[in-house]
Engineer: 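I'd like to ask you about the structure that follows.
All values reported here derive from a predicted model rather than from experimental measurement. In this chain, residues are counted from 1 in sequence order.
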Amino acid sequence: MLGSLHVKNLALIEETEVVFGPGLNILTGETGAGKSIVLGSIALALGAKADREMIRTGAPSALIELDFEVPEGIGQELEKLEVPVEDGHVILQRKILPGRSVCRVNGETVNARLLKQLAGLLIDIHGQRDSQVLLQTKKHLEILDSYAGERLLSKKEEMKRAWKKHAAIVREIGENALDESARKRELSLAQFELDEIGAAAIEDGEDERLENDFRRMANSRKIAESLNLACALTGDSDGRGAAESVGRALRELSGIVSFDDKLEDFYSQLSEVDGLLSDFNRSVADYMADLEFDPEEFQNTQDRLNEINRLKDKYGRTIGEIRAYERRRREEADRLLHQEEWLERRRREEEAAREEMLSVAEELTGLRRDAAARFSEGMREALQDLNFLHVEFGVSLTEKERCSEDGQDDASFLISTNPGEPLKPLASVASGGELSRIMLALKTITAGQEPAGTFIFDEIDAGISGKTAWQVSRKLGILSKTHQIICITHLPQIAAMADRHFYIEKNAVMDSTATTIRQLKEAESLQELARLSGAPDITEGALKNAREMKELAEKNRRKGTY
């Protein structure tokens with residue numbers, strides 16, 4: 001649920017904050033007051049495109065902040081996106097600057113792409129243009145599948161796996177069904193590469209060992225000079241090394257250890273140093289003896305290392321990768337050598353994969369047909385509730401020429417709004433006002449599958465009036481029982497159903513204009529209903545009519561029906 005909206009320096013809004021509640025939140029105001037700016041700011045905070053023209057004149061930046069109360073289920077989905085949830089709340093903030101914008105979630109900077117992902121989980125914004133999605137036949141299958149629920153969606157994932165498996169085999173057969181001359185060329189190349197790798201007879205770890213030997217041999221002079229100096233400094237050959245000095249110190253201590261028991265510890269410690277120096281010098285001497293090598297040995301090491309590096313350049317960065325390449329090429333050579341047998345085997349596998357894919361597609365079609373029947377009946381009832389008196393609704397499922405990862409079905413929504421008229425594609429029948437009601441009906445019957453807990457409707461009342469407006473109002477009331485609804489409207493019938501009524505107005509202050517929004521008290525709401533009803537003056541009669549609309553809404557609310 002959207003708990004609050006804070007907007008600063010956006011278009012005509014200097015600064016305003018709105019606290020929404022559960023149920024039906026209605027926003028009304030004079031034409032041009034900036035109602036769409038308020039809801040547009042929510043879209044901006046959720047990643048919609050922004051530019052510098054949106055920043056209020058004279059301000060350095062614009063700021064939008066949304067505070068969502070997140071239920072546990074949505075919280076788990078947010079955790080998968082690595083979005084922090086603090087005390088059950090997620091605060092989204094977007095700062096719009098000239099040339100760029102900064103997005104944050106609970107204080108952590110994120111990119112606009114993540115905000116758009118969050119939008120799908122937290123809120124569903126629906127404007128008049130969004131109804132046009134109903135005219136896009138390619139979206140109808142997606143809507144039907146979403147309505148069908150988890151069983152169909154699970155089968156759809158199975159369909160995707162089966163299709164990919166079949167497509168991979170078909171692709172492999174196509175890539176490897178070579179004519180005789182091409183097959184011989186590929187086989188010859190594979191055999192050449194296998195012979196080259198085999199002739200090298202490389203061993204695991206050989207490259208590391210050779211590189212170490214090469215470094216030692218190439219730097220042998222430097223090593224010898226440094227070790228000789230180290231021996232001179234630590235030995236006793238010239239009487240000035242560390243070993244000679246330690247020996248003299250030991251002799252001095254040996255003459256006094258009997259005078260005090262503590263001196264024995266000093267003597268022991270120095271004896272260990274003397275032993276370490278002796279061990280060090282012996283080890284260095286042994287190493288120096290092995291340091292000598294034949295120039296031919298150095299050349300052989302260098303040549304072998306060059307050979308291995310050449311193979312690395314061609315077949316892999318490491319010996320392990322070279323061996324993996326060798327295994328793949330051996331398999332390919334075997335396939336090329338026995339191409340007809342291989343192709344026959346893969347064709348049998350392709351046939352089995354195709355049958356599996358078509359079997360899953362058939363099951364998917366069955367689930368869609370069941371869902372289409374329920375969907376059609378649900379839409380028909382919902383549309384009747386929205387004053388489509390003689391409406392019929394259907395879903396046409398047809399078989400595609402080629403199976404895809406979505407199965408073998410195309411879907412198209414059909415409707416008839418007049419008795420005796422056949423069902424026709426939605427795009428050829430519905431007007432703009434009808435599309436808004438059809439979308440509302442769709443939202444009503446699919447509300448249980450929607451992850452978002454908040455629906456926003458802008459211009460849902462376009463092209464309707466009278467009894468139809470009451471029917472739309474009732475439908476919004478039904479939807480608001482399970483979802484938070486935020487709705488901009490110009491109709492008193494819809495505004496009368498509000499759990500919370502907000503008024504948006506534009507005022508001239510000094511040399512500037514500012515849009516503000518505030519929640520109306522009961523008496524103020526009645527006056528706004530009277531204004532929306534078209535009364536030229538807010539008379540007692542107009543207020544009485546507004547009061548009757550509120551009472552009717554409250555009566556239906558107590559009955560639990562809309």
Engineer: Determine whether R368 and D145 make a side-chain contact, defined as any pair of heavy atoms from C-beta on separated by less than 4.5 Å.
Structural biologist: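 In contact.
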Engineer: Would you check if the side chain of R500 reaches a backbone N or O of P22 as a donor-acceptor pair within less than 3.5 Å?
Structural biologist: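 Such a contact is found between R500 side chain and P22 backbone.
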Engineer: Any non-hydrogen side-chain atom of L397 less than 4.5 Å from a side-chain atom of L144?
Structural biologist: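 The answer is yes, as the side chains (C-beta and beyond) meet within the 4.5 Å cut-off.
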Engineer: Could you tell me the separation between the OH atom of Y325 and the CD1 atom of I322, rounded to the nearest 0.5 Å?
Structural biologist: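 It comes to 11.0 Å.
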Engineer: Please round to the nearest 0.5 Å and tell me the distance separating atom SG of C103 and atom CD of E108.
Structural biologist: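 Answer rounded to 0.5 Å: 13.5 Å.
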Engineer: Can a salt bridge be assigned to the pair K165 and E356 using a cut-off of 4.0 Å between side-chain N and carboxylate O?
Structural biologist: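 Salt bridge present between K165 and E356.
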Engineer: Check whether any side-chain N or O of N9 sits under 3.5 Å from a backbone N or O of I55 as a donor-acceptor pair, and report yes or no.
Structural biologist: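 Answer holds: no.
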Engineer: Would you find more than 12 non-hydrogen atoms of other residues, nucleotides or ligands less than 6.0 Å from R374 atom CZ?
Structural biologist: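 Result for CZ/R374: enclosed.
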Engineer: Give me the atom names and distance for the closest heavy-atom approach of A530 to I538.
Structural biologist: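 Scanning both residues, the minimum pair turns out to be CB-CD1, 4.0 Å.
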Engineer: Could you tell me if R437 sits above the aromatic ring of F388, with its cationic atom closer than 6.0 Å to the ring centre and no more than 45 degrees from the axis?
Structural biologist: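 Yes - R437 lies over the ring of F388, closer than 6.0 Å to its centre and within 45° of its axis.
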Engineer: Does R518 have more than 12 heavy atoms from other residues, nucleotides or ligands lying within 6.0 Å of its CZ?
Structural biologist: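 It does: R518 CZ has more than 12 such atoms within range.
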Engineer: Look at D385 together with R474 and state whether they make a salt bridge at an N to O cut-off of under 4.0 Å.
Structural biologist: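 No.
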Engineer: Please report the closest heavy-atom contact between I64 and L44, naming both atoms and the distance.
Structural biologist: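 Taking every non-hydrogen atom into account, CD1-CB, 4.1 Å.
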Engineer: Nearest 0.5 Å, what's the CD-CG distance between E157 and L152?
Structural biologist: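 Here the interatomic distance stands at 11.0 Å.
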Engineer: Would you call K521-E524 a salt bridge at under 4.0 Å N-O?
Structural biologist: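 Not counted as a salt bridge, because no side-chain N and carboxylate O are separated by less than 4.0 Å.
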Engineer: Rounded to the nearest 0.5 Å, what's the gap from CG on L141 to NZ on K400? Could you check?
Structural biologist: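 Between atom CG of L141 and atom NZ of K400 there are 7.0 Å.
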Engineer: Test of understanding: with salt bridge (charged side-chain N to carboxylate O under 4.0 Å, His left out), list the residues that count as partners of R369, not counting sequence neighbours.
Structural biologist: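 Expected list: none.
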Engineer: To the nearest 0.5 Å, how far apart are CG in L46 and CZ in F68?
Structural biologist: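 Those atoms lie 5.5 Å apart.
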Engineer: Do you know the tightest heavy-atom contact between N387 and T468?
Structural biologist: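 In terms of heavy atoms, the two residues are closest at ND2-OG1, 2.7 Å.
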Engineer: Please check if the number of heavy atoms outside E208 that lie under 6.0 Å from its CD is greater than 12.
Structural biologist: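 Result for CD/E208: open.
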Engineer: Looking at K544, I want to see if its NZ is surrounded by more than 12 non-hydrogen atoms of other residues, nucleotides or ligands under 6.0 Å.
Structural biologist: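 No.
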Engineer: Just wondering, are more than 12 heavy atoms of other shown residues or ligands nearer than 6.0 Å to NZ in K312?
Structural biologist: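 Yes, enclosed.
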Engineer: I'd like to know whether CD of E362 has more than 12 heavy-atom contacts from other residues, nucleotides or ligands below 6.0 angstrom.
Structural biologist: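 12 or below, so no.
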Engineer: What's the shortest heavy-atom distance between M159 and M357, and which atoms?
Structural biologist: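 Scanning both residues, the minimum pair turns out to be CE-CG, 3.4 Å.
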Engineer: Short question: side chain of T365, backbone of A361 - any donor-acceptor pair under 3.5 Å?
Structural biologist: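 At least one qualifying donor-acceptor pair exists.
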Engineer: Can you tell me if N545 uses its side chain to pair, donor with acceptor, with the backbone of G541 under 3.5 Å?
Structural biologist: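 No, N545 side chain to G541 backbone: no donor-acceptor pair under 3.5 Å.
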Engineer: Ion pair present between R531 and E30, side-chain N to carboxylate O less than 4.0 angstrom?
Structural biologist: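 Answer for the salt bridge query: yes.
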Engineer: Run R380 and E392 through side chain to side chain contact (heavy atoms under 4.5 Å, CB included) and show every step you take.
Structural biologist: CA-CA 6 Å; R380 186 185 65 80; E392 292 294 332; 3.7 Å; yes
Engineer: Mark yes or no for whether S154, through its side chain, and E150, through its backbone, hold a donor-acceptor pair below 3.5 Å.
Structural biologist: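 It does not hold such a pair.
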Engineer: Carefully, step by step, assess Y315 and R310 under the rule side chain to side chain contact (heavy atoms under 4.5 Å, CB included).
Structural biologist: CA-CA 9 Å; Y315 304 122; R310 186 179 65 81; over 6 Å; no
Engineer: As a quick check of understanding, evaluate side chain to side chain contact (heavy atoms under 4.5 Å, CB included) for F457 and L440, giving each step before the final call.
Structural biologist: CA-CA 9 Å; F457 292 103; L440 179 56; 4.0 Å; yes
Engineer: A495: which residues meet the side-chain contact (heavy atoms from CB on, under 4.5 Å) condition with it, sequence neighbours left out?
Structural biologist: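 Counting only residues at least two positions away or on another chain, A495 forms a side-chain contact (heavy atoms from CB on, under 4.5 Å) with I26, T28, T489, H501, L529, L532.
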Engineer: Go through the steps to decide whether L63 and V7 satisfy the test side chain to side chain contact (heavy atoms under 4.5 Å, CB included), and finish with yes or no.
Structural biologist: CA-CA 6 Å; L63 179 70; V7 184; over 6 Å; no
Engineer: R94: which residues meet the salt bridge (charged side-chain N to carboxylate O under 4.0 Å, His left out) condition with it, sequence neighbours left out?
Structural biologist: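 If we apply the salt bridge (charged side-chain N to carboxylate O under 4.0 Å, His left out) test to R94, skipping adjacent residues, there are no hits.
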Engineer: Charged N to carboxylate O below 4.0 Å: is that the case for K155 and E363?
Structural biologist: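 Salt bridge present between K155 and E363.
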Engineer: Rounded to the nearest 0.5 Å, how far does SG of C403 lie from CG of L358?
Structural biologist: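 Answer for the CG-SG pair, L358 versus C403, is 5.5 Å.
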Engineer: Does the S376 side chain pair with the main chain of A372, one donor and one acceptor, at a distance under 3.5 Å?
Structural biologist: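 Between the backbone of A372 and the side chain of S376 there is a qualifying donor-acceptor contact (under 3.5 Å).
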Engineer: Treating D499 as the side-chain partner and L24 as the backbone partner, does any N or O pair qualify as donor plus acceptor under 3.5 Å?
Structural biologist: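 Yes: the side chain of D499 pairs with the backbone of L24.
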Engineer: Return the minimal non-hydrogen interatomic distance between L97 and S61, and the atom names on each side.
Structural biologist: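 In this case the closest contact between L97 and S61 is CD2-CB, 3.4 Å.
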Engineer: Taking S480 for its side chain and G477 for its backbone only, find out whether a donor-acceptor pair lies under 3.5 Å.
Structural biologist: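 Here the side-chain-to-backbone pair exists.
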Engineer: If you count the non-hydrogen atoms of other residues, nucleotides and ligands that lie under 6.0 Å from NZ in K156, is the total more than 12?
Structural biologist: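 Yes, enclosed.
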Engineer: Is a donor on one side and an acceptor on the other found under 3.5 Å between the side chain of S473 and the backbone of Q493?
Structural biologist: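 Pair found, side chain donor or acceptor close to backbone of Q493.
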Engineer: Tell me, please, which residues at least two apart from F413 pass ring-ring contact (aromatic ring centres under 6.0 Å, His included).
Structural biologist: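 F413: ring-ring contact (aromatic ring centres under 6.0 Å, His included) contacts with H140, F375, F393.
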Engineer: With E65 as reference, evaluate H6, Q93, R104 under the side-chain hydrogen bond (donor to acceptor under 3.5 Å, both in side chains) test and give the passing residue.
Structural biologist: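 Exactly one pass, corresponding to Q93.
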Engineer: Using modelled atom types and a 3.5 Å cut-off, is there a donor and acceptor pairing between side-chain atoms of N418 and backbone atoms of E421?
Structural biologist: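 Looks like no, no N/O pair under 3.5 Å.
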Engineer: Who passes side-chain contact (heavy atoms from CB on, under 4.5 Å) against H390, sequence neighbours left out?
Structural biologist: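 For H390, the residues satisfying side-chain contact (heavy atoms from CB on, under 4.5 Å) (neighbours in sequence not counted) are P419.
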Engineer: What I'd like to find out is whether the side chain of I42 reaches to under 4.5 Å of the side chain of L2, using heavy atoms alone.
Structural biologist: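 Yes, side chains in contact.
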Engineer: Apply salt bridge (charged side-chain N to carboxylate O under 4.0 Å, His left out) to E399 and list each qualifying residue two or more places apart in sequence or on a separate chain.
Structural biologist: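 In terms of salt bridge (charged side-chain N to carboxylate O under 4.0 Å, His left out), with neighbours along the sequence ignored, E399 is linked to no residue.
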